[in-house]
Amino acid sequence: MAEKSLKEQRDQRISNLQQLEEAGFEAYPYSYEAAAQAASLQEKYEGGEAGEHWDEQVTVAGRIMTFRGMGKVSFATLQDASGRIQAFFQRDTLEQYRSLKKFDLGDWIEVEGTLFKTKTGELTVQVTDFRLLVKSLRPLPDKWHGVTDKELRYRQRYLDLMVSPDTRKPFVVRSRFIALMRRYLDDLGFFEVETPVLQAIPGGAEARPFITHHNALDHDFHLRISLELYLKRLIVGGFDAVYEIGRNFRNEGLSWKHNPEYTMMELYWAGRDYLDILKLVEDMMAYILTELTGGTRITYQGTELNFTPPWPRVDFTGEVARRAGITFDLLDEPKLREWVAVHLPGGEDVPLAEQPIGQILNKLYDIYLEPHLEQPTFVMDHPLAISPLARKHRSREGVVERFEPVVMGMEIGNSFSELNDAIDQRERFEAQLALREAGDEEAHQLDEDFLTALEYGMPPTGGLGLGIDRIVMLLTDQPSIRDVILFPLMKPDD
RNA sequence: GGGCCGUUAGCUCAACCGGUAGAGCAACUGACUCUUAAUCAGUGGGUUGUAGGUUCGAGUCCUACACGGCCCA
């Protein structure tokens with residue numbers, strides 16, 4: 001790489017630091033006390049008039065973002081965590097005025113002084129003393145354009161945050177969203193727990209796991225792909241309402257809606273079924289949206305989304321069939337395979353029509369239903385074949401009590417009346433095992449310890465998982481999941 | 001996995017049909033007592049992502065690879 005220009009600038013800054021030390025500045029002070037934050041000062045003196053001076057002594061610390069030297073006076077814009085404020089330096093009143101030349105854009109400084117408004121009305125600190133807090137050894141990105149290279153924005157997010165304060169907004173909303181969700185669940189009497197990330201048998205979802213190794217036990221473990229099976233063990237143990245907010249890891253590709261590590265909220269509520277959970281989702285989302293935005297409608301990428309309860313519900317099998325133009329019962333397997341052979345002749349190694357029925361149903365859903373649902377919608381009552389952890393529907397054959405909330409073609413959650421029949425659960429696992437042996441690496445593994453727990457008896461329970469990142473995308477109008485994850489997964493570039 | 005696009009100074013971007021790689025910001029020197037993308041004068045900074053190939057001559061054309069973006073199964 002061509003680094004001469006960078007090296008020159010870095011050397012220059014190191015030399016400036018040495019000269020500041022020689023002039024009596026402490027190079028790396030241990031602490032600072034910013035008595036005031038830029039934003040609160042801006043707010044406090046909003047009504048002041050150009051030319052007005054105040055007596056209040058203030059101390060402000062921040063990063064030098066711009067610097068305008070005009071000979072005997074200079075202006076700098078300081079940026080702290082809250083915002084920006086201008087500082088004014090005068091040679092006549094500052095002993096160390098000449099040292100200002102050795103400060104660089106990006107350095108952190110602390111200034112003391114009084115406040116006034118310039119003739120153009122900008123709130124400014126009339127500096128009476130200043131000191132270095134830390135030197136920046138590298139030049140800042142373009143002060144006007146910021147960082148536009150997406151690769152650089154993701155790899156060096158701190159630069160993006162530093163020069164483009166708007167970058168922070170989705171992450172602030174993310175934090176508030178999670179805080180509000182906690183408040184909502186805590187108020188309902190839920191208990192927040194933490195379960196293992198390292199699992200001997202990764203369960204609760206169809207996904208390929210990451211594998212790691214524990215040296216002392218000399219055993220391979222997997223990073224969890226879901227929170228489900230451990231939270232259910234807690235219901236067996238006697239908790240009646242638990243939730244966890246945590247990271248899942250899935251060893252899959254990346255896309256605008258997939259990052260290999262992502263955040264999930266899962267809850268389990270004893271005594272409830274999936275329809276109770278459905279109401280909770282509607283109500284919780286309405287509560288959070290109202291707290292965040294004042295209403296239950298938001299705009300995502302130009303589309304207005306209405307989260308006002310109740311959200312529309314569509315039946316999985318009925319709606320897939322309707323949209324695909326299938327006139328027979330979707331669960332009539334021989335007819336469905338015939339139809340697929342005609343209408344979807346493709347397939348990777350094996351024609352789709354000859355693949356396991358679960359693959360076919362998932363494919364049809366992925367083609368004909370999910371991508372076409374824009375408004376918040378509950379897809380209800382999935383086929384049994386693709387729902388090995390959900391209990392059978394109380395009145396319909398071949399389907400389970402399950403729903404998935406879908407928005408803008410994205411699955412943002414998943415919920416069941418949880419399967420608590422240990423014998424049925426064993427049979428479901430065995431069916432999954434058969435798929436696994438036939439080559440489906442994403443089929444569920446049989447978790448004997450979980451089955452043991454179920455055999456002690458899990459009371460009737462409703463469960464839910466929500467994809468936090470995707471919901472935050474919707475709330476913040478971001479087109480990619482990578483824009484709501486501070487440090488998305490990147491391939492090392494060396 | 002496939003297709004399209006991108007990768008040029010620290011940052012943001014130019015460079016016509018293949019003909020000596022430029023600008024703004026940042027940096028350096030100087031001027032300047034209300035600037036705010038400060039301004040003005042001057043200076044330095046490049047293995048054009050990597051490796052090959054075609055050519056008298058390659059940032060530009062070809063091949064492979066790396067990283068990234070968008071779209072598709």
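It should be emphasised that the depicted structure is a prediction, and the values quoted were computed from it without experimental measurement.
- Rounded to whole Å, atom P of B/rA31 lies 11 Å from atom CZ of A/R91.
- The nucleotide B/rC61 finds its pairing partner in B/rG53, both defining distances of the Watson-Crick or G-U wobble pair being shorter than 3.5 Å.
- Across the strands present, B/rG45 finds no partner; the criterion is a Watson-Crick or G-U wobble pair with both atom distances under 3.5 angstrom.
- Mapping A/Y154 and A/R13 onto RNA chain B via the closest heavy atom, the residue that lands nearer the 5' end is A/R13.
- Taking atom CD of A/Q9 as the reference point, atom P of B/rC25 lies 13 Å away to the nearest angstrom.
- By the 30° and 60° cut-offs, the orientation of the rings of A/F89 relative to A/F67 is tilted.
- Side-chain contact annotation: A/T59 with A/Y32, donor-acceptor N/O pair under 3.5 Å absent.
- For the side-chain hydrogen bond (donor to acceptor under 3.5 Å, both in side chains) criterion with A/S15, the lone passing option out of A/R13, A/Q19, A/Q12 is A/Q19.
- Taking atom C1' in both B/rG2 and B/rU12, one finds a spacing of 33 Å when rounded to whole Å.
- Using a 4.0 Å heavy-atom cutoff across all strands shown, A/D149 reaches sugar-phosphate atoms only and no base atom.
- Distance, A/D142 CG to B/rC11 C1': 5 Å, rounded to whole Å.
- Rounded to whole Å, the P atom of B/rU55 lies 39 Å from the corresponding atom of B/rG24.
- Taking side-chain N and O atoms only, A/K491 has a distance below 4.0 Å to OP1 or OP2 of B/rC67.
- Relative orientation of the A/F103 and A/F25 rings is perpendicular, given thresholds of 30° and 60° on the angle between their planes.
- Following rounding to the nearest Å, A/D483 (CG) and B/rC70 (C1') show an atom-to-atom distance of 13 Å.
- Heavy atoms of A/G69 sit under 4.0 angstrom from at least one base atom.
- An OP1 or OP2 oxygen of B/rU35 is reached within less than 4.0 angstrom by no side-chain nitrogen or oxygen of A/S74.
- Atom CD of A/Q156 is separated from atom P of B/rG10 by 13 Å (rounded to the nearest Å).
- Here the separation of B/rG46 from B/rC11, taken at their P atoms, is 14 Å to the nearest Å.
- Checked by atom type, the side-chain pair A/N248/A/E261 shows no donor-acceptor distance below 3.5 Å.
- Applying the Watson-Crick and G-U wobble criteria (two distances, each under 3.5 Å), B/rG22 pairs with B/rC13.
- Rounded to a whole Å, the CG atom of A/L140 is 14 Å from the C1' atom of B/rU12.
- In this structure B/rG30 sits in a base pair with B/rC40, meeting the Watson-Crick or G-U test at under 3.5 Å.
- Across B/rG53 and B/rA58, the matching C1' atoms stand 11 Å from one another, rounded to whole Å.
- Classified by interplanar angle (parallel below 30°, tilted 30° to 60°, perpendicular above 60°), the ring pair A/H393/A/Y274 is perpendicular.
- Only the P atoms considered, B/rC67 is 34 Å distant from B/rA27, to the nearest whole Å.
- No contact: A/R84 has no heavy atom under 4.0 Å from any strand.
- A/E122 comes within 4.0 angstrom of a base, heavy atoms only.
- Annotation: B/rC13 and B/rG59 have their C1' atoms spaced 14 Å apart (nearest Å).
- Between A/L6 atom CG and B/rA26 atom C1' the separation is 11 Å, expressed in whole Å.
- The C1' atoms of B/rG44 and B/rA38 are separated by 23 Å, rounded to the nearest whole Å.
- In this structure, the side chains of A/L389 and A/F429 come closer than 4.5 Å at one or more pairs of heavy atoms.
- Rounded to a whole Å, the CZ atom of A/F75 is 12 Å from the P atom of B/rA38.
- Note on A/F116: a base of the nucleic acid sits closer than 4.0 angstrom, heavy atoms only.
- If you take atom P in B/rG10 and the same atom in B/rA26, they sit 16 Å apart, rounded to whole Å.
- In this structure, A/T118 reaches the bases: a heavy-atom distance under 4.0 Å links it to at least one base atom across the strands shown.
- Base pairing analysis places B/rG6 opposite B/rC67; the two distances defining the Watson-Crick or G-U wobble pair are each below 3.5 Å.
- OP1 and OP2 of B/rU35 both lie 4.0 Å or more from every side-chain N or O belonging to A/R68.
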